[in-house]
Asks: 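The following block contains the structure, expressed as structure tokens.
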Amino acid sequence: MTVYIIRRVLQLIPVLLGVSILVFSLMHLTPGNPAQLMAGESAPPDTIEQIEESLGLNDPLPVQYWDYISGVVQGDLGTSMRYNTPVADEVWPKFVVTLELSIYSTILSIFMGLLAGIISAVRQYSISDITIMIVALFGLSMPNFWLGLMLIQWFAVNLGWFPPTGWEGPGSIVLPVISLGTAGAAIIARMTRSSMLDVISQDYIRTARAKGVKRRVIIYKHALKNALIPVVTVAGLQFGALLAGAVLTESVFAINGMGRLLVDSIIQRDFPVVQACILIIAVVFVLVNLVVDISYKFLNKRIDLND
Amino acid sequence: MSNQQVEAAPTQPKVENPRVKAMKDFYRRLKKNVPALIGFYTILILVIFSFIGPWMLSADPSDTDVINKFAGPSAEHWFGTDHLGRDIFTRIVHGMKLTLGIGFASVFMGAAMGIPIGIIAGYYGGKIDAVIMRLIDILLAFPGILLALAIVSILGGNLINVTIAVAIYAIPGFARIIRGSTLAAKNLEYVDAIKALGAGDGRIIFKHILPNVLSPVIVNATLYIATAILTAAGLSFLGMGAQPPRPEWGAMLNDGRSYMRDAGHIAFFPGMAIVIVVLAFNIFGDGLRDALDPKMKK
């Protein structure tokens, strides 16, 4: 197990390196000169030269990358072109909001998805199974930003139960979390159902049934434990999708999180902030997947750890 | 083997091509899958309608009617009008071509790049495979809409760039699936036999591996169109895709969000249109997968 974990962590290095190179290239791949962008259209050439010099834009690319990455490792994410403040100060408080939103939504997805998936599998082809699967298909097919707008319309504007925007107080988190978590719940419900059905048809379950083990015990103790294994992977992937999907939800609910900051910064061409937001989401996603992979191996001891 | 077959054999041995037989099996199973058929016919109708619809309607999607702005659904304006008094039904009908076009084009481009990458990785294996898969891992580290956002931030926001962004985002999925299927197909005995007969790599790949890996591609592509449409609509919703006055559905939703309090229908109908299209592709994709899955054979 330890060997596996070490190998898996070592495998991260090229991925993180690649991610950082891609993120670093964002500013250089984009048409136009960053110094010109910072200084404005009508800036005199020597101002632009000065900015280029101070940002190190005249250095060879590998040197610039080295400067960038050694800064990032030390927590220096650059300087915002718009506000001329350290990006890290701008990003971290907003990252916390986005992380909260994603975590709550993931919890909702897992809880609802598991519940619905188990009911569906246990009562295959019943009315509740069919209803759940139809609802899940809709959940999967709905744009989360549209669902958010509709939730605002019904529960905030018409019924007045929740505030339509913001991220302050327990009431305000309900609609964004439902809006972001629904698609994940649908995916997890479908995964749980098919995984449960797979397991239920296996010999050891039939044996347990033949031995006269109670139905409840079979479902929750024997079947669910094994059925959960593939669900864990999906839940991990979902967390990443929700972290990125928060971009849309935050925009709908006017939540001051990292997603909204990312979109604003893309529109304003504030590249250091764009780079920081994308880098943080990608790194968090990669780390979550690492944890998921390790727990996957841990849950499923049959998998060859040397694989 | 029964006696009858033995007797019939000398007169006319009827050997059916296994691939043709597999296709027939597949159609037979697909025809039994009612939801899949509903999905398929919905897609077909939507595609046809996206071409003839705009031609059937007399109104222009950009025609404004300032007196009737914010009007709710009525006999005259089926889905009501928006903040500029434009007819929402007309705009949705005109926008259908954009939505379907982005979906098909981006998945086609993603498959065109992902399939060769996956086949090369799976077929040649070794170092080539390791390098390709690490690069794919790097792309996969950007979850969901993030990769598309990053690409659009470089290229700038318009419909063509959104299509390119969504296509690039599709590459890793195709490459991975194809690599897996190629690995499985490569080890089939008959491929060894063909190799022994002296067939070259190109011939093996195009004539023997490719047909074997196509069915997961079709399922993946169908389901991916659904994701592509959602992603592209999301980018337009954020103001990074279609620019006004284009009747793109995500952009229409973006128009409507400011008027949720008084005119919720402006955002409701374009969203509903997205749901129906995406739902059709998801149902059809599910059905295809079931029909192609050997475990479902009865």
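Residue numbers start from 1 in every chain, and the chains themselves are labelled A, B, ... in the order their sequence lines are given, proteins ahead of strands. Both backbone and side-chain heavy atoms feed into the values below; hydrogens, waters and symmetry mates do not.
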Asks: Does A/S141 reach the side chain of B/V277, with side-chain heavy atoms less than 4.5 Å apart?
Replies: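 Not touching, per the 4.5 Å side-chain cut-off.
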Asks: Which bit of B/M240 comes within less than 4.5 Å of chain A, counting heavy atoms only: side chain, backbone, both or neither?
Replies: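 For B/M240, the side chain is the part near chain A, not the backbone.
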Asks: Is the number of heavy atoms from other residues, nucleotides or ligands under 6.0 Å of A/F138 CZ greater than 12?
Replies: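 It does not: A/F138 CZ has 12 such atoms or fewer within range.
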Asks: Please identify, among B/G144, B/G264, B/G271, the residue contributing the most non-hydrogen atom pairs under 4.5 Å to chain A.
Replies: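 If we count pairs closer than 4.5 Å to chain A, B/G271 comes out on top.
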Asks: Pick one of side chain, backbone, both or neither for A/F239, based on which atoms fall under 4.5 Å of a heavy atom in chain B.
Replies: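 Neither part.
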Asks: Specify which of B/L135, B/L140, B/D137, B/L146 makes the most heavy-atom pairs with chain A at under 4.5 Å.
Replies: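 Highest number of pairs under 4.5 Å: B/L146.
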Asks: Taking salt bridge (Lys or Arg N to Asp or Glu O under 4.0 Å) as the definition, give me every residue that meets it alongside B/R257, ordered by chain and number, with sequence neighbours left out.
Replies: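 So B/R257 forms no salt bridge (Lys or Arg N to Asp or Glu O under 4.0 Å) with any residue.
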Asks: Counting heavy-atom pairs under 4.5 Å with chain B, which one of A/V247, A/V274, A/N289, A/L16 comes out on top?
Replies: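 Of the options given, most contacts go to A/V247.
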Asks: Report which part of A/V252 has an atom under 4.5 Å of a heavy atom belonging to chain B: side chain, backbone, both, or neither.
Replies: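 Contact with chain B is through both the backbone and side chain of A/V252.
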Asks: Tell me whether A/L61 at atom CG has more than 12 heavy atoms from other residues, nucleotides or ligands lying less than 6.0 Å away.
Replies: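 Above 12, so yes.
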Asks: In Å and rounded to the nearest 0.5 Å, what is the CG to CD1 distance from B/L149 to A/I266?
Replies: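 Going from CG on B/L149 over to CD1 on A/I266, the span is 4.5 Å.
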Asks: Please state whether the side chain, the backbone, both or neither of A/I21 comes within less than 4.5 Å of a heavy atom of chain B.
Replies: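 Neither part.
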Asks: Please report the shortest heavy-atom distance between B/L238 and A/I267, naming the atom on each side.
Replies: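 Result for this residue pair: O-CD1, 4.0 Å.
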Asks: Just verifying a value: how many Å separate A/L26 CG and B/I151 CD1, rounded to the nearest 0.5 Å?
Replies: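 These two atoms lie 9.5 Å from each other.
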Asks: Report yes if some heavy atom in the side chain of B/F237 is under 4.5 Å from a heavy atom in the side chain of A/S251; otherwise report no.
Replies: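 Result yes, sub-4.5 Å side-chain heavy-atom pair found.
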Asks: So, taking the atom named CG in B/N254 and the one named CZ in A/F145, what distance separates them when rounded to the nearest 0.5 Å?
Replies: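 Here the rounded value is 9.5 Å.
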Asks: Looking at A/Q275, A/Q153, A/R269, which makes the most heavy-atom pairs under 4.5 Å with chain B?
Replies: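 Among A/Q275, A/Q153, A/R269, the one with the most close pairs to chain B is A/Q153.
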Asks: Chain B: which of A/L149, A/V15, A/V286, A/L22 shares the most heavy-atom pairs with it under 4.5 Å?
Replies: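 Sorted descending by pairs with chain B, the first entry is A/L149.
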Asks: Heavy-atom distance under 4.5 Å to chain A: side chain of B/F268, backbone, both or neither?
Replies: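 For B/F268, heavy atoms of backbone and side chain both lie under 4.5 Å from chain A.
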Asks: Just so I understand: if I count every heavy-atom pair under 4.5 Å between each of B/V278, B/I154, B/T231 and chain A, which residue has the most?
Replies: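 So the answer, after comparing B/V278, B/I154, B/T231, is B/I154.
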Asks: Using non-hydrogen atoms only, which part of B/A141 is less than 4.5 Å away from chain A: side chain, backbone, both, or neither?
Replies: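 For B/A141, backbone and side chain are both near chain A.
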Asks: Could you grab the distance from atom CG of A/L17 to atom CD1 of B/I138, nearest 0.5 Å is fine?
Replies: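 Separation between the atoms: 8.0 Å.
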Asks: Closest approach of A/A244 and B/I145, non-hydrogen atoms and distance?
Replies: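 Scanning both residues, the minimum pair turns out to be O-CG2, 3.6 Å.
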Asks: Could you go step by step and tell me if A/W146 and B/I274 meet the side-chain contact (heavy atoms from CB on, under 4.5 Å) rule?
Replies: CA-CA 9 Å; A/W146 180 72; B/I274 297 174; over 6 Å; no
Asks: Which pair of non-hydrogen atoms, one from B/V275 and one from A/P143, has the smallest distance, and what is that distance?
Replies: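 Nearest pair, atom of B/V275 first, then A/P143: CG2-CD, 3.9 Å.
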Asks: If we only count heavy atoms from C-beta on, is the B/N282 to A/L137 side-chain gap below 4.5 Å?
Replies: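 They are in side-chain contact.
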